[in-house]
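Quantities reported herein were computed from a predicted structural model and do not represent experimental measurements.
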Amino acid sequence: MTEPRADYDSPWKEALADEVIFMPAIDLIKPEVRAVAAYHLRDFRPPIKLNQNENPFGFPEPLKAEVWRRVNQVDWARYPDFYLREITDRLAAHVGVPPEWVLPGNGSNELLQMTLLAALAPGTAAVVPVPSFSLYRIQSLVMGAEFAPIQLRSEDGFALPVDAVIAEAKEHRAKVIILCSPNNPTGNTYPEADVRRVVAESGALVLLDEAYREFSDQDFLPVLRDHENVVIFRTFSKAFAMGGLRVGYLIGRPDIVREIGKVKLPYGLNIMSEAVALVALDHLPIFQEQIRAIRALREALYADLRALPGTHPYPSAANFILTHFDRPVAEVFDHLLADGILIRDVSNYPGLSGHIRISVGTTEENAALVESLKKLNVKRQT
């Protein structure tokens, strides 16, 4: 039997028009999404890339062959293990917690987004010290929650204002507090005693982003062991030279991990990413040597930047250095780019006017950066 047509010639058109309110398609996207600007980077591809806090040494070539051996043993037509048992068990052993405390995912950013999805809703709030990673604000607002920033002060070394964070969390009855330590883009760490106070007194779920922890001496796992309202996020992107593979994991109490897992998409890692992470865990001493080298290069670069007139770097516990310039940031950025060096302009972050974030590169890359800045000083004097 032929179904009646309800196209524009249909006698139903007038009746349907009375019942249905048509609106522009864009208005079908929720206003919380339309109100935020997308996370973005300026698209430059110079020879020296010091803008994304990547491991400058890369994933070791000898280990890539081992990765391919692993991947070639797997049937690519089949989905990965639904429960990701092997990588979960290995990560748990690496951290020193039971497997049910660990949840792997496609980078720590995805895991953070899942946690916010599980915790935040319209009428709730997220408290975040700023400046920090701008994605925290975007993700919180997209969930329909209120974003409550607490300003960090450069004159205080960007120290965590513990009393203000706790007070803001109580005032807004915040569901979530996000603390990044070492903090991006400031590079400083938050003392464990300060974090413990926030965890104990705020009444919120405290999310501790440890993306850069390997470059510092800090570890918040003892805080998690003592408190149930803590979730820790870690990544292979930075210290383990795997930014292109998107592997991260969270650590939390089993009941919290279980709830976050409910909003996680199935098959959280592809077989290639899992294989690379497993190989990295098999060869930790190689990466530990890279980390030691990056930390030494960071200190050398910090000293070189301090010696330049009009250049004021901040001490860092990460693999980047936040630096204030007396001259306009656009001038510094354009000059470095003309010399084939890309850094991160963070002057639009709250409280960071005049600042640039510089990732630690190789010895040669750092030397090229410093020489370019010296040329800029000469150019301004002539």
Side-chain angles (χ1 to χ4, degrees), residues 45-81 84-96 99 102 104-111 182 210-217 219 233-249 267-301 318-320 340-342 358-369:
R45 304 185 186 186
I48 299 178
K49 188 172 179 292
L50 303 178
N51 69 321
Q52 285 190 282
N53 307 336
E54 297 148 326
N55 182 324
F57 301 116
F59 199 85
E61 289 296 327
L63 301 191
K64 291 181 179 179
E66 187 172 336
V67 169
W68 283 115
R69 283 195 297 272
R70 276 182 173 270
V71 173
N72 287 333
Q73 292 172 357
V74 179
D75 185 350
W76 293 12
R78 304 298 180 185
Y79 286 105
D81 172 20
L84 295 172
R85 293 178 181 87
E86 184 176 9
I87 187 64
T88 299
D89 288 346
R90 290 295 304 281
L91 287 170
H94 172 61
V95 173
V102 175
N106 290 300
S108 56
N109 290 344
E110 180 193 62
L111 292 162
E210 289 192 329
Y212 300 96
R213 67 169 295 274
E214 288 85 0
F215 306 108
S216 74
D217 298 320
D219 182 354
F233 299 83
R234 295 181 178 175
T235 182
F236 281 73
S237 295
K238 309 301 182 183
F240 293 93
M242 289 171 53
L245 288 154
R246 315 307 300 135
V247 178
Y249 59 104
Y267 309 106
L269 284 179
N270 65 70
I271 58 172
M272 181 71 177
S273 295
E274 182 179 11
V276 180
L278 289 169
V279 169
L281 290 170
D282 285 341
H283 298 277
L284 283 176
I286 294 176
F287 295 96
Q288 289 165 345
E289 181 58 35
Q290 287 188 349
I291 292 164
R292 283 191 290 270
I294 291 169
R295 293 175 70 159
L297 287 165
R298 176 189 68 204
E299 298 311 309
L301 178 58
N319 65 335
F320 56 83
I341 302 168
L342 180 62
I358 302 169
S359 303
V360 177
T362 62
T363 299
E364 296 75 18
E365 290 171 338
N366 293 344
L369 169 82

*Asks:* Sort and list the pairs that fulfil salt bridge (Lys or Arg N to Asp or Glu O under 4.0 Å) and have at least one residue in residues 283-294, not counting sequence neighbours.
*Replies:* Glu289-Arg292
*Asks:* Go through the structure and list residues passing salt bridge (charged side-chain N to carboxylate O under 4.0 Å, His left out) with Arg298, not counting sequence neighbours.
*Replies:* none
*Asks:* Which residues pass the ring pair (Phe, Tyr, Trp, His ring centres under 6.0 Å) test with Tyr267, not counting sequence neighbours?
*Replies:* Tyr79, Phe82
*Asks:* Test of understanding: with ring pair (Phe, Tyr, Trp, His ring centres under 6.0 Å), list the residues that count as partners of Phe287, not counting sequence neighbours.
*Replies:* Phe59, Phe240
*Asks:* Mind checking side-chain contact (heavy atoms from CB on, under 4.5 Å) for Ile286 and listing every partner two or more places apart, or none if nothing turns up?
*Replies:* Pro60, Leu63, His283
*Asks:* Do Ser237 and Arg246 have side-chain N/O donor and acceptor atoms under 3.5 Å apart?
*Replies:* yes
*Asks:* The criterion is salt bridge (charged side-chain N to carboxylate O under 4.0 Å, His left out); which residues satisfy it with Arg90, sequence neighbours excluded?
*Replies:* Asp282
*Asks:* Name all residues meeting the salt bridge (charged side-chain N to carboxylate O under 4.0 Å, His left out) criterion together with Glu365; count only those two or more places apart in sequence or in a different chain, and write none if there are none.
*Replies:* none
*Asks:* Which heavy-atom pair separates Val102 from Thr88 by the least distance, and what is that distance?
*Replies:* O-CG2, 3.9 Å
*Asks:* Does Asp217 have any side-chain hydrogen bond (donor to acceptor under 3.5 Å, both in side chains) partners at least two apart in sequence or in another chain, and if so, which?
*Replies:* Arg295
*Asks:* Start with the C-alpha distance between Leu284 and His94, add both sets of side-chain angles, then the distance that settles side chain to side chain contact (heavy atoms under 4.5 Å, CB included), and finish with yes or no.
*Replies:* CA-CA 10 Å; Leu284 283 176; His94 172 61; 3.7 Å; yes
*Asks:* Quick one: list whatever passes side-chain contact (heavy atoms from CB on, under 4.5 Å) with Ala277, sequence neighbours left out.
*Replies:* Ile87, Phe236, Met242, Val247
*Asks:* Output all residues satisfying side-chain hydrogen bond (donor to acceptor under 3.5 Å, both in side chains) with Tyr249, sequence neighbours left out; order by chain, then residue number.
*Replies:* none
*Asks:* Residues two or more places apart in sequence or in another chain: which of them pass ring pair (Phe, Tyr, Trp, His ring centres under 6.0 Å) with Phe215?
*Replies:* none
*Asks:* Looking at every non-hydrogen atom in both residues, tell me the closest pair between Leu269 and Leu84 and how far apart they are.
*Replies:* N-CD1, 4.0 Å
*Asks:* List the residues meeting salt bridge (charged side-chain N to carboxylate O under 4.0 Å, His left out) with Glu66, not counting sequence neighbours, and say none if there are none.
*Replies:* none
